[in-house]
Amino acid sequence: MHVRFDLKIAGRDVCVRLERLDDGFVAAWVDDRRIEASFAAVTKNVLYLTAGPGSQKVCLERTPEGTYVNVKGATWLVRDAHAADAGRPRRKGGAPLQREVTPPMPSVVVSVLVEEGQEVEQGQGVVVVSAMKMETTLYAPYAGVVKKIRCSAGEKVMPGTVLVEIERTGREQER
Amino acid sequence: MHVRFDLKIAGRDVCVRLERLDDGFVAAWVDDRRIEASFAAVTKNVLYLTAGPGSQKVCLERTPEGTYVNVKGATWLVRDAHAADAGRPRRKGGAPLQREVTPPMPSVVVSVLVEEGQEVEQGQGVVVVSAMKMETTLYAPYAGVVKKIRCSAGEKVMPGTVLVEIERTGREQER
Amino acid sequence: MFDTILVANRGEIAVRIMATCREMGIRTVGVYSDVDRHALHVIEADRAVALGGSNPAETYLDIDKIIAAARAEGAQAIHPGYGFLAENAQFARRCEQEGIVFIGPPSDVIRDLGDKTLARRVMHAGGVPVIPGMMEPSSDIRELVQKAEEIGFPVMVKSAKGGGGKGMRVVETPQACAEACEAASRESMNAFGSADIYVEKYLRSPRHVEVQVLADASGKVLHLYERECSIQRRHQKIIEETPSPSLTPPVRRSICEAALAAARAAGYVNAGTVEFLLDEEGGFYFLEVNTRLQVEHPVTEMVTGVDIVRRQIEIAAGMPLDLDQDDIVQRGHAIECRIYAEDPMNSFMPCPGKVVFVQEPKGPGIRVDSCLYPGCTVPMEYDPILAKLVVHAETRDACIQRAMRALREFAVMGVLTPIPFLADVIASEAFRRGETTTDFVDDFIEGWTPDVSGADIVALAAAIHLSLSRERTVDGHVVHTPAEYSPWLSLKGFRP
Amino acid sequence: MFDTILVANRGEIAVRIMATCREMGIRTVGVYSDVDRHALHVIEADRAVALGGSNPAETYLDIDKIIAAARAEGAQAIHPGYGFLAENAQFARRCEQEGIVFIGPPSDVIRDLGDKTLARRVMHAGGVPVIPGMMEPSSDIRELVQKAEEIGFPVMVKSAKGGGGKGMRVVETPQACAEACEAASRESMNAFGSADIYVEKYLRSPRHVEVQVLADASGKVLHLYERECSIQRRHQKIIEETPSPSLTPPVRRSICEAALAAARAAGYVNAGTVEFLLDEEGGFYFLEVNTRLQVEHPVTEMVTGVDIVRRQIEIAAGMPLDLDQDDIVQRGHAIECRIYAEDPMNSFMPCPGKVVFVQEPKGPGIRVDSCLYPGCTVPMEYDPILAKLVVHAETRDACIQRAMRALREFAVMGVLTPIPFLADVIASEAFRRGETTTDFVDDFIEGWTPDVSGADIVALAAAIHLSLSRERTVDGHVVHTPAEYSPWLSLKGFRP
């Protein structure tokens, strides 16, 4: 009897198959790697895990977003690979690749730089938002015409909310 | 509508009647004292309570024995007055007044000083137990005859367990 | 001594100030915005006053509300912390008018030192080396370009009133100068209401070294030695240390003397910090005076043994400094790492949210100034600083080792933090060698990626934890899986 | 340097030693008994070895098992902590034979200093003042009584081999002397297998002052100044501080010199403590040498800035002390409070059990060495020390204020602790005046009762908490009432 977890960690899919889970002992496959380990659930948030030559304290907290795991100061968010949204690809040093005008974090709108009906270039600034003393300009992801402005200065906005709808005028839009 | 709690705190019975418990506000009678206070349940273990001119952080943890409460470094055990055992009277600087030969804390039996059938005086040492590097002698609570010895050296024993049964030979025993 | 102090701030600094107040037997009044209702600085205060609203402007920056709260709660003094109203001369003046003691320098000192060219003139007159450049501001582009040519390129164009990088730009060539001055002047006008700018020499890869000073009302001025604060991202310090690995003993003596001269020239009272830029040849130049408690004050507290907040309160209460310069000795080495809610993988973008778990490091030589608790909210409205890890040890090497241990034992979950990045910076050869210039982070982040070699163990731990749903743990708690995240049935009793 | 050290101890001291090892890049091996399976020192170790069993004799005192664990895990050195095998000459000898480095003095030094009259002779020969009395033990009652009369009553009769109060008694009059000597000799025979006892002058209300020393293998000996450890209950220290409020500068110089002389006379290597009794006239007398790390070593670390555990490891690895006596300066004041699992209302009886909640104080100048976590078990088998609160500040007064703040912020629930008692001692006028003799606790406990004036607020808080059953708290957790303790139905939605 196996129990299988399809997890998503740091953008990578990891499959964990538990073969045995006795009191204090686990035998598992993590992808193609065989791991046998002893463990103790010290508190509801702390697991003490001995795998191979070393032991480590692992802190865990389950949330609706997934399980947070901390080992040696580094925090990982472990999600169910099926439930997790595919995840936006991220570039180091750059904002997530956006296809919509939406804030990267909960923010307050500082100013809207465009008007409805206005034509915009790809990369043109359309909205300025502010979070934690830092202003960020959101850019048009493609050239087009501003169809609808869905926010106003002073408003609190969340990631995922489209602040400005832009109708694409580039080649892809032609049918 | 009132909700009433009969509590036992530091050996004293305290009756708390809550008259109102809104989000963040409480009005209550504690015995004959009227208290109105605001509060916030900051975490499941921390209550922030403002009563009168000052505020305090209160730590609480519920256990089967009762609710532990900590204010300014002092811990209190708050029990349901009905469920709580009457509580042994305690004297400062002395062991609890015992009517039976039972250890005051979880201990290991070091030695049994009497034998079954032996006559003992009130106050005579009958068992020596050890806990946390400290040895304690348990004494006969009254004069009598040792009827049964219920422990042996090296055994772990708990408070409430009667280690030596003594049949009373004093006047009270005469019918 | 005051019996009640209002702390006009939030976060870790409010908590830290209240700790010293409690030790001094002083009642503390906290203030809070709507989103800070359950913030740690509220829980730690003896009394907390709601300001109403959440924007900084309507809460921690609202002078009328702060003064009213102090009046209502009978506070004789206000500690402004850092940020918000800490360097606002108008607020200090208002306190003076209301008969409430502002724990900081007199309002006119704050005002004078806030005007950048005025501060440069004061320092120059006081014998403090300043960066070569203009001593009077101007909005005349021709004059500005001419001065730039006299100074020699590259130059820095700066707003005379500004701060925070606004209206500030580096000019490398004479050709680009006029346009840069015009733009800077325009930005300065928009941001600060004044077109006045000035030009000074631009130092490449400087180090940022500052000196802590204490001055009492009688004119006694002491320094508490320097702090090296070169490790910055977005012009904001993230790692500070003392002693500075870049000062030779003679330069240390000179820079501390210069700081004393600066404090005297400005008529300074209370705790302040004189900032300098240090060039590659060991020359140093006055940058500005921070007329407040610094974020990084704890490293100085650890190596000098002086409680700076206690001294601030005593000085504000009119007590003399009962120390002499010889009593103040640097002992050992201290490093501070700032723990922000931010994403080092994404340009250090701030990450507000809810902290679901926190475990702070402890043990010998470790101090954590923090506003964290499990379940606390990190609001989007304010600066994202969560905590400061401060470590102290006998030597710089031992201090680096201690900082690495502490960072690896610092668990924050729910919001992103730069903890793994900080650990890698501290462990780097460049940091160990003391090669800390203001370019450090930009250079370091280039080649940095977080270590993901532990992913397998993390996956295994998560799987075990998920499997333990509804099982009792050692501490008698029951682990619950929220219904919306329970892909598997309870594994209670699961055996192979 | 060693790459692996086995820590042959448990509790807070094992955790503290491992912290320094981790900083030095040394792998740590912990050992544990059955009841310590989930103890913090196991969780903190890089590797933990089960010893099997729970009694001290079959676990932390079992030399064969400890040596076998060190061999199995490749440890080149063993740190014994305090207690257990720390002052066991036979264990140190065994390590030497096995080629494992014992982090402590050579076994023959431990043996010599463990023999009380031999230690007295060594010290006397080395010019260290000893308590007037016999330098050779005896079991001849007539000789003992005669010596007692020469010394002058009151006298103390002590076992020559013993410790921990066994075979020790005070004799006030010549009449009682013979009987006391007979009893002491008998007790010594029973407890330590030797009838040899000796007689020395009894000092009334002495202070207990000890000096920390460090000595390297080359013969360099340094002192790290004194600790005042007079606040004791059942001959066990509960509050320690440094500097001692009872030493004048000349006495401090003399006692520290005496400690250096003692260490030299004994051929001491590694960290050790020379204990003295101080009489009311400022005279001091050698008591004994503790040939190990002391429980109270952190107060010395805080005022001198020296990491004593790091120095122990370096010395054991053969490294020289790279410090000179002049480098070691007392700065500020430090106080340690020991947090035991015990009941101050009941003769400080130990209270094993389960800790259901813990929150340790933090902030500037506070260090907590602890083995606590929520849910941890305090077993009955071992010494009941849970944690040490150590505070450091510029002056003794500021340190007292800081200690009071820290104690009031130290929450331990589930086992009894003396925290409220310690807070009242620290706040007392007698303690503030520095009137700390070994009688202090006995005198203070007489008039002490815990403050119960807060009971109403406690009752209200408990009632609110009970009423919040199954309501969501701010941090998103759900508060559950165990079925067995739910006198009231859920109050969800309860409104007046």
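Labels below follow one simple rule: chain letters A, B, ... track the order of the sequence lines, proteins then strands, and each chain is numbered from 1. What you see is a predicted model; the values in this text were computed from it and never measured.
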Does any part of the side chain of [Y], heavy atoms only, come nearer than 4.5 Å to the side chain of [X], both counted from C-beta?
| X | Y | value |
| --- | --- | --- |
| C:Arg310 | D:Gln401 | yes |
| D:Glu394 | C:Arg311 | yes |
| D:Pro364 | C:Met302 | no |
| D:Arg408 | C:Arg22 | no |

Looking at D:Thr304, D:Thr20, D:Val355, D:Ile366, which makes the most heavy-atom pairs under 4.5 Å with chain C? D:Thr304
Chain C shares the most heavy-atom pairs under 4.5 Å, among D:Asp307, D:Ile400, D:Val15, with D:Asp307
Under the criterion salt bridge (Lys or Arg N to Asp or Glu O under 4.0 Å), I'd like the reasoning laid out for D:Lys362 against C:Asp369: C-alpha separation, chi angles, the key distance, then a yes or no. CA-CA 8 Å; D:Lys362 31 176 278 188; C:Asp369 283 16; over 6 Å; no
Residues of residues 319-329 of chain C with a heavy atom under 4.5 Å from any heavy atom of chain D, in residue-number order, are C:Leu323, C:Val329
Checking heavy atoms, do the side chain of D:Arg331, its backbone, both or neither come under 4.5 Å from chain C? both
Rounded to the nearest 0.5 Å, what separates atom CZ in C:Arg405 from atom CE in D:Met18? 12.5 Å
Highest number of heavy-atom pairs under 4.5 Å with chain D: which of C:Arg367, C:Glu301, C:Glu409, C:Met404? C:Arg367
Which bit of [X] comes within less than 4.5 Å of chain D, counting heavy atoms only: side chain, backbone, both or neither?
| X | result |
| --- | --- |
| C:Val303 | backbone |
| C:Glu12 | neither |
| C:Arg402 | both |
| C:Arg16 | side chain |
| C:Ala403 | neither |

